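Scroll down for the structure; my scribbles are underneath it.
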Amino acid sequence: MTKKLLLFQATLGFEILFCLFANKIEAVPVGNPASPAILQEGIFLSDAGWTQPRLGFLEDFTLNHPLAGDSLHAVSAEGFSAAGALIWSLFERLDLSLLLGSGNYYFQMVQGDEALTAQVNGGLIWYGEARLVLLEVEDTTFSAFGEAGGWNWMRGPFYIDSHPVANRAALKMRFWEVGVTLSQQVGLFSPYGGVVVMQSRWKMSETNTGIYYFHQKYPVGPLLGCTISKSSKILLNLEWRGWIENAFTLSGELRF
């Protein structure tokens with residue numbers, strides 16, 4: 001049995017596990033870190049150059065993001081965010097990206113005998129990202145990635161036992177994450193799997209009841225995804241992340 005077939009079977013096994021357990025397993029969207037090697041041609045610009053610009057988008061659906069609070073327990077967040085990406089590709093091996101967007105998130109917390117909830121939206125989601133192809137052997141790619149950024153100016157109503165308080169809660173977050181992935185191209189598809197390590201700090205203020213601080217509950221988790229690219233100019237990507245958070249992301253990239 002060839003090495004390529006073994007890698008494909010292992011990746012296919014990851015995808016089957018994803019389909020079976022995604023609803024049972026509780027980082028910020030990653031995308032396929034092998035994309036510098038997948039998009040090797042530009043629509044307008046020649047691929048002979050050492051650098052190429054790209055544009056991207058993402059829509060992220062967080063079903064559950066467990067958090068831990070200094071004076072709180074049973075902290076969780078769920079919601080939706082969307083962002084655009086400006087990507088600069090170097091030597092078809094390194095991508096440097098800036099992502100800007102916004103979102104809508106719902107928080108549930110318990111403090112003593114009180115149930116606290118908040119619905120924040122708007123504001124700015126911002127972060128930088130680097131993806132590096134470490135090793136490429138035929139259609140198999142081993143890559144690494146890193147991200148860092150945060151959320152600012154998200155605001156919304158705050159409730160104590162379903163009763164609204166006078167002020168609108170303000171949310172601020174900072175995070176970083178790193179990870180590695182293995183991707184295998186099979187025709188139009190490039191399924192990938194990997195592991196991510198994430199740390200985050202959250203601050204919710206202006207609640208009439210003080211300032212609440214959260215941090216990452218589970219710092220390590222798996223990610224699984226699949227990229228579809230009919231040509232080497234444009235791609236679509238679907239990704240799932242677990243343990244750290246139960247979330248799905250749809251994203252795309254276009255190379256000029």
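Below, each value reflects all heavy atoms present in this structure, side chains not excepted, and no hydrogens, waters or symmetry copies. Here the structure is a predicted model, which is why all the values come from computation and not from measurement.
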His65 versus Gln216, side-chain donor and acceptor atoms under 3.5 Å = yes

Establish, from distance only, whether the side-chain atoms of Thr62 and Asp60 form a donor-acceptor pair under 3.5 Å.
-> yes

Minimum-distance pair of heavy atoms, taken over all atoms of Asp161 and Asp113 | OD1-O, 4.2 Å

Evaluate side-chain contact (heavy atoms from CB on, under 4.5 Å) for Leu223 paired with Glu239, printing each intermediate quantity in order.
-> CA-CA 7 Å; Leu223 66 96; Glu239 179 180 282; 4.3 Å; yes

Taking the six-membered ring for Trp, are Trp126 and Trp151 ring centroids under 6.0 Å apart?
-> no

Just by distance, with hydrogens left out, do Asn167 and Arg155 show a side-chain donor and acceptor under 3.5 Å apart?
-> no

Do Thr249 and Arg241 have side-chain atoms, one donor and one acceptor, less than 3.5 Å apart?
-> yes

State yes or no: are the ring centers of Phe61 and Phe80 separated by less than 6.0 Å?
-> yes

Do Trp202 and Phe107 have ring centroids that are under 6.0 Å from one another?
-> yes

Quick check, are the ring centers of Phe175 and Tyr127 under 6.0 angstrom apart?
-> yes

Indicate whether the side chain of Gln119 and that of Asn104 have a donor and an acceptor atom separated by less than 3.5 Å.
-> yes

Have Arg131 and Ser143 got a donor and an acceptor in their side chains that come within less than 3.5 Å?
-> no

With sequence neighbours excluded, give me every salt bridge (Lys or Arg N to Asp or Glu O under 4.0 Å) pair touching residues 212-222.
-> none

Could you pull out all residues at least two apart from Thr141 that satisfy side-chain hydrogen bond (donor to acceptor under 3.5 Å, both in side chains)?
-> none

Answer with yes or no whether the side chains of Glu245 and Tyr218 bring together a donor and an acceptor at under 3.5 Å.
-> no

Tell me yes or no: between the side chains of Asn121 and Tyr106, is some donor less than 3.5 Å from an acceptor?
-> no

